[in-house]
There are 2 protein chains.
Amino acid sequence: MDVRVSDTTHPQKLSVKPGAAPLDCAQDSGACAVIRSILARTTDKWSILIVKSLGRGSHRFSELRRAIDGISQRMLTLTLRNLERDGLVLRTVTPTTPPRVDYELTTLGESLWTLTEAFGQWAMSNRPEIESARARFDARLDADL
Amino acid sequence: MDVRVSDTTHPQKLSVKPGAAPLDCAQDSGACAVIRSILARTTDKWSILIVKSLGRGSHRFSELRRAIDGISQRMLTLTLRNLERDGLVLRTVTPTTPPRVDYELTTLGESLWTLTEAFGQWAMSNRPEIESARARFDARLDADL
DNA sequence: CTTTCCGGTTCCTGATCGTAACCAGCACCA
DNA sequence: TGGTGCTGGTTACGATCAGGAACCGGAAAG
């Protein structure tokens, strides 16, 4: 039956192969399980950062690891593999020694990149407003205590 | 010192108050911790669905719970509270019996909504391509076995 | 007097993430 | 000849988090 497990990050056996969406539909818009799984992958914390990093050209594994501060090797491997699976990232192995593996955005990945950039822009330009909203909220909370 | 815990969903004591970003910066673009926390919140699985649902007007708690199939009461409460904290969602309590609580997007939330809509559109229109990419990837995996 | 509705909270468990250690292959250096 | 380093990748395991389910208070409805 080959039942494919839930979402990202296979706990054991670092292989990808999700596919069976864990959740049903958001009826309000006809967006179904597949859409959700696509959104889950593309809006994932690390995916966004990786796509962002790859926005300006190809990078090798270790470059990405250094660029995306805080990501673990495991998560980098996993997220890249998932992005590759979804056709967003292209993986190129050059069998030199030491081996060299380059990652770059596909055309599809580039179109996603523009979106994540827009998100990033939005976050940047609305940061003050959001931060003050947070401050207000927290202050009200503390007052109520 | 009031050290605020990591990210979404406080495990115990259903209060919000994160703030201390768990991660450093993605140097490649000068995007810093705050940006990351904003992105984490706004691109969150449930946040997206909630913002999407709220896109066409205010809804009460139970409406949202029914609309967003699969969300738990806990996650709905939590995510709404976080969105409220960030000034993206407005919460209005009407003390009738049974109590009535309405949620609606703020102006800021509406601007986010256009982005999430764009993401949704992207996911919808690229779904075939992504699905076939997945199929190809999995096939290649199975072949290698 | 029990049921129902409503928004919300608490507890518990299983999935997920991150840390750290390990692996293979080859070059370099002594 | 053995040690060390670099590479991309994997594994094991402990901490953490999301999700399910049961519970709460209050009032109306039956």
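These numbers were taken from a predicted model, which means no experiment stands behind them. In what follows, every chain begins at residue 1, and chains take the letters A, B, ... in the order their sequences are listed. Scope of the values below: all heavy atoms of this structure, side chains included, with no hydrogens, waters or symmetry mates.
Comparing C:dC11, C:dT19, D:dT10 by their closest approach to the side chain of A:Thr77 singles out D:dT10. Which of C:dG18, C:dG7, C:dT10 sits closest to the side chain of B:Arg74 comes down to C:dT10.
For C:dG7, the OP1/OP2 oxygens have no side-chain nitrogen or oxygen of B:Arg81 closer than 4.0 Å. A:Arg60 has a side-chain polar atom (N or O) that falls below the 4.0 Å cut-off from OP1 or OP2 of D:dG8.
We find that CH2 of B:Trp46 is positioned 15 Å from C1' of D:dC17, with the value rounded to whole Å. For the pair B:Met75 CE and C:dT10 P, the computed distance is 14 Å after rounding to whole Å. Atom pair B:Phe61:CZ and C:dG7:P shows a separation of 7 Å (rounding to whole Å applied). As rounded to whole Å, 16 Å separates atom P of C:dC6 from atom NE2 of B:His59. B:Lys45 has its NZ atom 9 Å from the P atom of C:dT16, to the nearest Å. Straight-line distance from the CZ atom of A:Arg100 to the C1' atom of C:dC26: 17 Å, rounded to whole Å. The separation between A:Arg66 atom CZ and D:dG8 atom P is 8 Å, rounded to whole Å. For A:Ile68 and C:dG18, the CD1 to P distance is 12 Å, given to the nearest whole Å.
Closest approach of B:Pro95 to B:Val93, counting heavy atoms only: CD-O, 3.8 Å. Residues B:Leu54 and B:Glu104 share a closest heavy-atom pair of CG-CA, 4.2 Å.
Hydrophobic cluster membership is shared by B:Leu39 and A:Met124, with clusters built from Ile, Leu, Val, Met, Phe, Trp and Tyr side chains linked at under 4.5 angstrom. Put simply, A:Trp122 and A:Trp113 are part of the same group of oily side chains (I, L, V, M, F, W, Y) that touch within less than 4.5 Å, one to the next. Cluster annotation: B:Leu90 is not connected to B:Leu83 through the hydrophobic network of ILVMFWY side chains, with a link wherever side-chain heavy atoms come within less than 4.5 Å.
Note on A:Ser62: only backbone sugar-phosphate atoms sit closer than 4.0 angstrom, heavy atoms only; bases stay farther off. Residue contacts for B:Arg65: at a heavy-atom cut-off of 4.0 Å it reaches no nucleic acid atom on any strand shown.
B:Phe61 is listed as a side-chain neighbour of B:Leu80, based on a closest heavy-atom distance under 4.5 Å.
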> Could you run down nucleotides 22-30 of chain D 5' to 3' and tag each one B, S or - for protein heavy-atom contact under 4.0 Å?
Replying inline: B----SS--
> Going through the distances and angles, do A:Arg85 and B:Asp138 end up as a side-chain contact (heavy atoms from CB on, under 4.5 Å)?
Replying inline: CA-CA 8 Å; A:Arg85 187 175 107 103; B:Asp138 293 350; 2.5 Å; yes
